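Values below: every heavy atom of this structure, side chains too, minus hydrogens, waters and symmetry copies. All residue numbers refer to positions in the sequence shown, counting from 1. Just so it is clear, the structure is predicted and the values come from calculations on it, not from any experiment.
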Amino acid sequence: DRVWHMDFSPDGTHLAVSGKAPELIALDDVNAPPIVLDLPPYELTQLPAWTPAIAYNPDGSLIATASHDGIARLWDSATGELLATLESEDNEYEYFESGDGVAFSPDGSLVAFGSCLQFDGSSANSCYDQRIYIYDVATALEQQNLYPSDARFILKGARDYTVSLIFSPDGSLIIGSTVPAGWETEA
């Protein structure tokens with residue numbers, strides 16, 4: 001299996017690893033089994049929803065993943081329980097959606113992820129509509145399923161994958177690695 005991304009827990013005791021079966025690996029107990037984040041199959045293909053992006057929130061209590069089904073998910077980092085799903089735009093043409101890049105704001109109140117509509121799901125070159133969705137974490141945990149109409153912000157304009165996202169230290173900007181600009185997070 002391919003490893004797409006890794007992130008240390010803030011206390012350094014676990015390593016979150018993304019890929020076909022994202023998991024949390026205990027670094028302080030080599031005999032502990034990994035906590036596997038159980039992803040449902042991608043609805044269009046019934047294949048596993050690959051997860052190229054994974055991140056801990058600042059206090060280490062949550063994990064965010066972004067998967068190739070265009071959905072970001074919030075998980076309990078201690079148990080691996082799925083707590084909330086964050087949807088990208090409805091895909092009226094049933095092209096594959098790819099979730100790429102995921103990040104929490106420095107205070108943990110926001111989570112952002114990228115999603116790219118593709119023509120046939122075969123390669124990054126077929127991406128035609130990249131968006132970055134920013135959701136409120138507390139609302140996501142309370143409501144459990146959020147849709148684009150619930151997003152705090154939707155950033156549009158890139159024509160390629162956002163393979164990495166990062167907030168500025170004060171949380172006022174977010175930058176994507178393949179996006180040639182940064183955006184303010186306050187309207």
Item checked: Least distance between heavy atoms, Arg73 atom then Ser67 atom -> NH1-OG, 3.4 Å

Item checked: Set of residues satisfying side chain to side chain donor-acceptor pair (under 3.5 Å) with respect to Asp170, sequence neighbours excluded -> Ser168, Ser172

Check: At their closest point, which heavy atom of Phe113 faces which heavy atom of Ala66, and how far apart are they?
Finding: CB-CB, 4.1 Å

Next item on the list: Return the minimal non-hydrogen interatomic distance between Thr85 and Ile71, and the atom names on each side.
Entry: CB-CG2, 4.0 Å

Next item on the list: Only counting residues at least two apart or in another chain, list the ones meeting side chain to side chain contact (heavy atoms under 4.5 Å, CB included) with Gln144.
Entry: none

Donor-acceptor contacts, no H, no angles, side chain residues 56-65, under 3.5 Å, sequence neighbours left out:
unit_1 : atom_1 : unit_2 : atom_2 : d
Asn57  : OD1    : Gly60  : N      : 3.0
Asn57  : OD1    : Ser61  : N      : 2.9
Asn57  : OD1    : Leu62  : N      : 2.9
Asn57  : ND2    : Asp59  : OD1    : 3.0
Asn57  : ND2    : Ser61  : OG     : 3.3
Asp59  : OD1    : Ser61  : N      : 2.9
Asp59  : OD1    : Ser61  : OG     : 2.6
Thr65  : OG1    : Trp75  : NE1    : 3.0

Notebook entry, point to check: Atom CZ in Phe8, atom CG in Leu15: separation rounded to 0.5 Å?
Noted result: 5.5 Å

Item checked: Shared hydrophobic cluster for Val36 and Val17 (ILVMFWY, side-chain gaps under 4.5 Å) -> no

Notebook entry, point to check: What's the shortest heavy-atom distance between Ser77 and Ile35, and which atoms?
Noted result: O-CD1, 3.8 Å

Item checked: side chain to side chain donor-acceptor pair (under 3.5 Å) against Asp38, all qualifying residues, sequence neighbours excluded -> none

Margin query: Would you say CD1 of Ile25 has more than 12 non-hydrogen atoms from neighbouring residues, nucleotides or ligands within 6.0 angstrom?
Written below: yes

Notebook entry, point to check: What closest approach, in Å, do Phe104 and Ala55 show between heavy atoms, and which atom pair accounts for it?
Noted result: CE1-O, 3.6 Å

Next item on the list: Looking only at non-hydrogen atoms, find the nearest pair between Asp7 and Ile54 and report the distance.
Entry: CB-O, 4.0 Å

Notebook entry, point to check: Can you check side chain to side chain contact (heavy atoms under 4.5 Å, CB included) on Leu86 and Tyr133, steps first, answer last?
Noted result: CA-CA 9 Å; Leu86 312 171; Tyr133 297 87; over 6 Å; no

Donor-acceptor pairs under 3.5 angstrom involving side-chain atoms of residues 134-143: please list them, not counting sequence neighbours.
unit_1 : atom_1 : unit_2 : atom_2 : d
Tyr135 : OH     : Glu87  : O      : 2.6
Tyr135 : OH     : Tyr147 : O      : 3.2
Asp136 : OD2    : Ala138 : N      : 3.4
Asp136 : OD2    : Thr139 : N      : 2.8
Asp136 : OD2    : Thr139 : OG1    : 2.8

